[in-house]
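A short worksheet on the structure shown next.
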Protein chains: 2
Amino acid sequence: MSESSPVLPGTVADDLRARIIAQDEAPGTAITESAVALRYGVARSTARTAIDRLVAEGLLVRSAHRAARVPELSRADIADLFDSRAVVEAAAVASVATSGTLSADALAAHRALLATPAGEPFAETDIAFHRALVTGQPSARLARMHSALMGEIELCIGQVQAHSLLTAAEVAHQHQGILDAVVAGDAERAADLTREHIASSRERLLAHYDATH
Amino acid sequence: MSESSPVLPGTVADDLRARIIAQDEAPGTAITESAVALRYGVARSTARTAIDRLVAEGLLVRSAHRAARVPELSRADIADLFDSRAVVEAAAVASVATSGTLSADALAAHRALLATPAGEPFAETDIAFHRALVTGQPSARLARMHSALMGEIELCIGQVQAHSLLTAAEVAHQHQGILDAVVAGDAERAADLTREHIASSRERLLAHYDATH
DNA sequence: GAATACGGATTGTCGGACAATCTACGTTAT
DNA sequence: ATAACGTAGATTGTCCGACAATCCGTATTC
């Protein structure tokens, strides 16, 4: 088993990413290279590359000679994020339906969501389903773009604090519809349902955003 | 006017990118950090940053502890690249048609292409048109994804050595059709024409690839 | 009160150092 | 001969320390 990339900046970036998504770092607070280096016991250059990576993912923003900050996603950002995601994910799901590359992980995530008791948080399971669905599909570039978007999506969900605007059962039901279309090989319907599913998330999040701002 | 990012790695990456796309670095040849540092008179860490950026763009590939190399795009890569681009660009063009954000640069590139004498190379002008079209559109994320794809597209065109599989007039004519739909606000038709336009490029490139491999 | 100058914080780049790891080649054993 | 093994050179991965450039808030000056 060979790692494809440096490991240290990777783990630092992974942990930082988790912290950012979990809102452990409030939006707007400065993430300095030295602070990261100190916290993880690595050199500043190592911390820097980790931060660079997150900046590339959109989870941090930085202007020249300024400390990186967790971005505060605007209403327009949220809308753009979900619209872009719908474009990419609908195409990816259509590709799954056509190529028949439905991943076992996606089915596992779907079952996990079905088994989630009402009231329990399920955002992670929901996202795992979507990620697995797209990962299984053959296009490396669609997968890459989708992965980049999903990071921001998670940040977005965290910032709007919208973890349970829907019940797990409702979300699972929509997923089921997508899966049925995929298994039936109906790419067009699968793509449409995916767009609808994402659009409904979008609307709910925007409504919640409007209500709290 | 404030630069958003470090300038040195940026210029090194820009020059390297140009060299890679121009096939000055043959596919497969190693691009070592020290060689880049030496050539541009910068520290190895700076060269490394530049290389990292190109790796993220897909213009270089690298496995752990190995020198970065210019990737040799496979037939599947070419197909995937154009399919992914069609997904993103069709959505972007539809957005231009809807939002009426047709950029002046796109029109300028279109006129430049119309004015290109038969037999002259026009790949750059063609690409400038597509880039400008998407850049003008409001979604930052669609623009980001498209830009990332276009780098690889340019590499692809260079590798297949397919600079003039079509005449400038033919390409300009297809562009004209897209622009007409955009100006008419017909997002659906603009998207369809964009998909067709990209698909025809794809087929021509693949045919040329098959003929030479 | 506004323009200016200062100073602290942070990034941007440098150079050198050393360990880890990969590949290719040559040596040894079968 | 050939297959397994091991070593050497190349390259990356990470560290450290240093210093210039730049940005920002604050104090100073007019």
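Throughout, protein chains are lettered first and strands after them, A, B, ... in sequence-line order, and every chain is numbered starting at 1.
Distance CD1 (B/Ile31) to C1' (D/dA10): 16 Å, rounded to an integer number of Å. Atom CZ in A/Arg69 sits roughly 16 Å away from atom C1' in C/dA9 (whole-Å rounding). Here C/dC14 presents its C1' atom at 15 Å from CD of B/Glu33, a figure rounded to the nearest Å. The CG-P distance, from B/Asp52 to C/dG12, rounds to 15 Å in whole Å. Spacing between atom CD1 of B/Ile51 and atom P of D/dT11 amounts to 12 Å, rounded to whole angstrom units. One interatomic measurement links the two molecules: NE2 of B/His65 to P of C/dC22, which rounds to 6 Å at whole-angstrom precision. Going from atom CZ of B/Arg66 over to atom C1' of D/dA10 covers 10 Å, rounded to whole Å. Taking atom OH of B/Tyr40 as the reference point, atom P of C/dC14 lies 14 Å away to the nearest angstrom.
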Do any side-chain atoms of residues 82-95 of chain B form donor-acceptor pairs under 3.5 angstrom with protein atoms, and if so which ones, sequence neighbours left out?
{"unit_1": "B/Asp83", "atom_1": "OD1", "unit_2": "B/Arg202", "atom_2": "NH1", "d": "2.9"}
{"unit_1": "B/Asp83", "atom_1": "OD2", "unit_2": "B/Arg202", "atom_2": "NH1", "d": "2.8"}
{"unit_1": "B/Ser84", "atom_1": "OG", "unit_2": "A/Ser139", "atom_2": "OG", "d": "3.4"}
{"unit_1": "B/Ser84", "atom_1": "OG", "unit_2": "B/Asp80", "atom_2": "O", "d": "2.9"}
{"unit_1": "B/Ser84", "atom_1": "OG", "unit_2": "B/Asp80", "atom_2": "OD1", "d": "3.2"}
{"unit_1": "B/Arg85", "atom_1": "NE", "unit_2": "B/Glu89", "atom_2": "OE1", "d": "2.8"}
{"unit_1": "B/Arg85", "atom_1": "NH2", "unit_2": "B/Glu89", "atom_2": "OE1", "d": "3.4"}
{"unit_1": "B/Arg85", "atom_1": "NH2", "unit_2": "B/His130", "atom_2": "ND1", "d": "3.2"}
{"unit_1": "B/Glu89", "atom_1": "OE1", "unit_2": "B/His146", "atom_2": "NE2", "d": "2.7"}
{"unit_1": "B/Glu89", "atom_1": "OE2", "unit_2": "B/His130", "atom_2": "ND1", "d": "2.4"}

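Residues satisfying the side-chain contact (heavy atoms from CB on, under 4.5 Å) criterion with A/Ile127, sequence neighbours excluded, are A/Arg131, A/Met150, A/Glu154, A/Ile157. Residues passing the salt bridge (Lys or Arg N to Asp or Glu O under 4.0 Å) test with A/Arg44 are A/Glu33, sequence neighbours excluded. Residues satisfying the ring-ring contact (aromatic ring centres under 6.0 Å, His included) criterion with A/Tyr40, sequence neighbours excluded, are absent altogether. Every residue meeting the salt bridge (Lys or Arg N to Asp or Glu O under 4.0 Å) condition with B/Asp52, not counting sequence neighbours, appears here in chain and number order: B/Arg62. Judged as a salt bridge (Lys or Arg N to Asp or Glu O under 4.0 Å), and not counting sequence neighbours, the contacts of B/Glu57 are B/Arg17.
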Contact list (N/O, under 3.5 angstrom) for nucleotides 15-19 of chain D vs protein:
{"unit_1": "D/dC15", "atom_1": "OP2", "unit_2": "A/Ala43", "atom_2": "N", "d": "3.2"}
{"unit_1": "D/dC15", "atom_1": "OP2", "unit_2": "A/Thr46", "atom_2": "OG1", "d": "2.0"}
{"unit_1": "D/dA18", "atom_1": "N6", "unit_2": "A/Arg44", "atom_2": "NH2", "d": "3.2"}

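Residue pairs meeting the side-chain hydrogen bond (donor to acceptor under 3.5 Å, both in side chains) criterion with at least one member in residues 102-116 of chain B, sequence neighbours excluded: B/His110-B/Gln176.
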### Task
May I have the step-by-step check of side chain to side chain contact (heavy atoms under 4.5 Å, CB included) for B/Cys156 and B/Asp77, ending in yes or no?
CA-CA 9 Å; B/Cys156 178; B/Asp77 282 325; over 6 Å; no
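For the helix from C/dG1-D/dC30 to C/dT30-D/dA1, the end axes, each set by the C1' atoms of five terminal pairs, are bent relative to each other by 10° (nearest 10°).
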